[in-house]
Amino acid sequence: MSAFELLSPAVRKFVRDKRWEGFRDIQSAAIKRIMGDEGHYILASRTASGKTEAAFLPILSKVDFNKRGVAVLYISPLIALINDQFIRVEDLCGDMEILVTKWHGEASRSLKGKLLKDPQGVVLITPESLEAMFANKPYDVKNLFSSLKYVVIDEIHSFIGSDRGVHLKSLLSRLQGVNTGSFSVVGLSATLGDFSEAKKFTGSAEKTVVLRDPASKDLDAVFKYFEQTGHVLPLDLLKDLYRETRDSKVLVFPNSRGKAEEVAVSLMKISERVGGHANYFSHHSSVDKQVREYVEEFAKSKVRRNFTIACTSTLELGIDIGSVDQVVQLDAAHSIASLIQRVGRSGRREGAKSRLLLYATSPWSLLQSLAGWLLYLEGFIEPPEVIDHPYDILLHQALSVTKERLGITKKELVAELKHNYAFELIEEAEIMEVVEHLIAIDFLEELGRELIIGVEGEKIVNGRDFYTVFNAQSYYKVVSSGTGIGQIPFTAQVRENENILLAAKIWKIRFVDHDAKKIEVVPANDGRKPLFFGEGGDVHPRIREKMMEILFNEELFGVLDENSAREIDKIRREFHVFPLTELGLQRPMLIGAKELDLYSFTGSRINRTLSFLWGLSGVEVRLDDEQSRFGVEGAVPDVGALSKLLVPSLDDLDFHLENFIYAHPDVLSGAKWAVYLPVKYRLRLLKLRYFDFEGAERFKDYSWVGAR
DNA sequence: GACCTGCTGCGGGCTG
């Protein structure tokens with residue numbers, strides 16, 4: 001039977017009415033499999049390939065919506081995506097008289113109330129709203145979700161390797177617990193290199209089937225080089241970028257919010273001078289939500305208008321902005337996974353060949369960018385981060401479960417957490433230790449035979465901040481005569497009469513209200529870019545190894561323009577002085593009169609760890625992670641000794657890590673709930689997340705090949 | 001340590 005014939009009559013009618021020419025591969029495959037069994041699935045294909053329909057057409061065909069209770073739960077990482085998908089899912093469900101309800105912090109309360117009175121249909125929710133329901137209204141969870149048949153997780157790749165993903169896993173596990181039967185999970189994913197982590201979200205990885213549409217599209221890449229010497233982007237680069245983009249729909253990814261503003265304003269100015277279009281925007285987390293929505297609407301409008309949006313990862317996820325002709329990457333993207341998502345935004349029109357334009361402003365950025373592109377062509381994607389000992393999320397969920405139950409014995413609590421598949425690799429004794437610690441710090445309290453939330457715990461679990469596992473920065477609102485422009489972190493630059501760039505416009509600061517955390521601005525003509533944080537994230541070791549391979553071979557690359565080819569050639573010649581014969585086990589070392597430069601060509605986490613270990617032995621190094629280089633100053637030590645220093649005894653290491661935590665209290669600041677853990681577990685998180693001691697230890701077998 | 005993401009309950013004021 002064809003995929004179409006498998007669908008229910010109502011769904012077939014919907015498909016006919018839409019006059020689709022046929023199903024995409026991922027849709028046919030999903031319909032055949034999902035109609036056939038009750039298993040868990042991951043549907044993987046590129047953005048805008050119809051994954052939502054691939055999941056919903058068969059699910060709507062087979063699920064009985066006439067029984068009391070919500071039958072299908074759709075979970076999304078973004079409110080914006082829920083609002084987008086609501087329109088599509090409601091379109092699908094409309095004729096079939098299936099109720100679709102949005103359930104997130106900005107959704108209508110009266111519609112939520114209606115659903116509670118008569119639970120049915122499809123619900124679209126965020127993980128945090130689900131958490132809030134478990135913690136505050138556990139009876140609503142049962143009322144709504146005890147007969148769920150399907151859970152659809154959108155953009156599941158965005159949850160992988162993150163605390164938020166562990167949180168979601170725990171919520172799904174708890175949801176299976178309240179279900180009278182059991183539900184199937186369908187995860188929608190971008191193309192990944194390795195699906196082992198994605199499969200774990202279903203609770204039984206071994207029974208989860210991945211349906212993958214590997215079709216990628218034709219893509220031309222061009223590298224251009226303009227060296228940046230000052231604090232602003234080179235004018236030649238901006239002029240070239242303007243010429244390359246003025247007649248098309250373009251996304252520019254400059255890696256930081258400040259640079260995005262710089263790009264948008266600079267291009268707008270050039271365009272004004274030469275009489276070009278005025279459609280230059282910026283789009284990132286500091287731009288006001290309504291302004292962002294306007295930009296998204298502008299981009300997906302049916303009317304053909306050219307535009308350029310300078311953006312950050314806000315436009316990496318699946319928010320619908322239609323198709324763009326060209327994607328521009330300014331300096332190296334920090335990961336291949338991210339590059340793939342960005343590239344996926346271009347050339348959505350069938351058959352249209354799309355183009356990726358890569359600008360570099362320094363030799364090392366060019367080298368990293370080229371390495372990233374070559375790895376992309378090889379099909380390499382960074383393997384997902386594995387978080388199998390999430391003690392911090394365990395602590396959070398211990399509080400949440402205790403609140404949900406309004407009292408639970410210690411034994412039951414430990415058993416429930418042990419049973420939760422988000423924590424399956426954490427030992428029962430460890431869970432008990434964390435629970436005992438929560439009692440000791442008054443987060444939990446023993447009342448008779450039961451545990452309840454303690455005095456200190458009440459302050460935490462009743463706060464608005466309890467429902468998320470990630471930290472929010474503190475921002476000042478930027479307002480111009482009553483209109484919201486955006487929000488920026490407060491820095492020394494934020495003073496009256498200073499200029500800032502925001503939402504692709506220049507503003508002068510009139511007044512800073514510290515109590516209301518508000519900045520009054522008026523339009524101005526010239527300005528410095530707003531000072532956000534610097535740039536650079538953790539780079540995977542494979543990218544650095546590829547950079548070294550490029551330096552130590554003679555291959556020519558057609559994607560390089562004349563300037564960038566010359567630049568690669570130049571840096572190659574600098575490295576030809578090192579007589580390396582075995583790239584896998586040797587690293588270059590530049591011997592100066594008073595200083596050594598060690599080039600490790602490895603990932604950021606290993607570099608950080610090497611730096612830490614050498615520091616313990618009294619060898620102070622200056623780490624430049626972009627170049628993966630350690631400067632060793634002063635009395636140059638015996639190089640052989642440097643390698644031996646990399647294996648401290650374990651007791652020693654824990655002692656030093658503990659000191660490190662006290663000296664750098666912010667080091668685990670990303671892990672919001674870790675601060676409440678016993679020191680022992682904070683140490684473990686530090687080893688697992690911030691450092692890579694195994695990776696660093698490999699360097700004891702490497703030899704440093706010197707040259708002057 | 002780049003870029004992101006999300007949230008309650010309750011009371012007061014306003015609108016229809």
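In what follows, chains carry the letters A, B, and so on, assigned in the order in which the sequence lines appear, proteins first and then strands, with residues in each chain numbered from 1.
For A/Glu382 against A/Ala337, the heavy-atom pair with the smallest separation is OE1-N, 3.1 Å.
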Under 3.5 Å between N/O atoms: give me all the protein pairs with nucleotides 7-14 of chain B, atom names plus distance.
from, atom 1, to, atom 2, distance (Å)
B/dC7, OP1, A/Gly105, N, 3.0
B/dC7, OP1, A/Thr126, OG1, 2.8
B/dC7, OP1, A/Ser129, OG, 2.7
B/dC7, OP2, A/Gly105, N, 3.3
B/dC7, O2, A/Arg464, O, 2.1
B/dC7, N3, A/Arg464, NH1, 3.3
B/dT8, O4', A/Tyr467, OH, 3.3
B/dT8, O3', A/Asn136, ND2, 3.2
B/dT8, O4, A/Arg464, NE, 2.2

Assess the residue pair A/Ile321 and A/Leu315 against the criterion (side-chain contact (heavy atoms from CB on, under 4.5 Å)); give the C-alpha distance rounded to whole Å, side-chain angles, the decisive distance to 0.1 Å, and a yes or no. CA-CA 9 Å; A/Ile321 55 159; A/Leu315 286 185; 4.2 Å; yes
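Counting to the nearest Å, the P atom of B/dC3 and the CG atom of A/Leu251 are 18 Å from each other. In this structure, CG of A/Leu168 is placed 14 Å from P of B/dG6, rounded to the nearest angstrom. Rounding to whole angstrom units, CG of residue A/Leu330 and P of B/dC3 are separated by 14 Å. In this structure, CG of A/Asp154 is placed 13 Å from P of B/dG6, rounded to the nearest angstrom. Computed from coordinates, the A/Asn471 CG to B/dT5 C1' distance equals 12 Å when rounded to whole Å. Rounded to a whole Å, the CD atom of A/Glu261 is 12 Å from the P atom of B/dC3. As rounded to whole Å, 10 Å separates atom P of B/dG1 from atom CG of A/Asp625. Taking atom CZ on A/Phe470 and atom C1' on B/dG1, their separation rounds to 17 Å, with Å as the unit.
Between A/Arg689 and A/Asp538, no side-chain nitrogen of the basic residue sits less than 4.0 Å from a carboxylate oxygen of the acidic one, so the salt-bridge criterion is not met.
For A/Ser256 and B/dA2, the shortest distance from a side-chain N or O to OP1 or OP2 is not below 4.0 Å. Between B/dC4 and A/Ser285, a contact under 4.0 Å exists linking OP1 or OP2 to a side-chain N or O. Side-chain nitrogen and oxygen atoms of A/Arg292 include at least one within less than 4.0 Å of the OP1 or OP2 phosphate oxygen of B/dT5.
A distance-only check finds no donor-acceptor pair linking the side chain of A/Glu404 to the backbone of A/Phe134 [under 3.5 Å]. In this structure, A/Arg608 contributes its side chain and A/Tyr690 its backbone to a donor-acceptor pair below 3.5 Å.
The distance between the ring centers of A/Phe630 and A/Trp614 falls below 6.0 angstrom.
Of the candidates B/dT5, B/dC3, B/dG1, B/dG1 carries the atom nearest the A/Arg608 side chain, counting heavy atoms from C-beta on. Of the candidates B/dT5, B/dG1, B/dC3, the closest approach to any side-chain atom of A/Arg164 belongs to B/dT5. Nearest to the side-chain atoms of A/His334 among the listed nucleotides B/dG1, B/dA2, B/dC4 stands B/dA2.
Scanning for ring-ring contact (aromatic ring centres under 6.0 Å, His included) contacts around A/His283 gives an empty result, with sequence neighbours left out.
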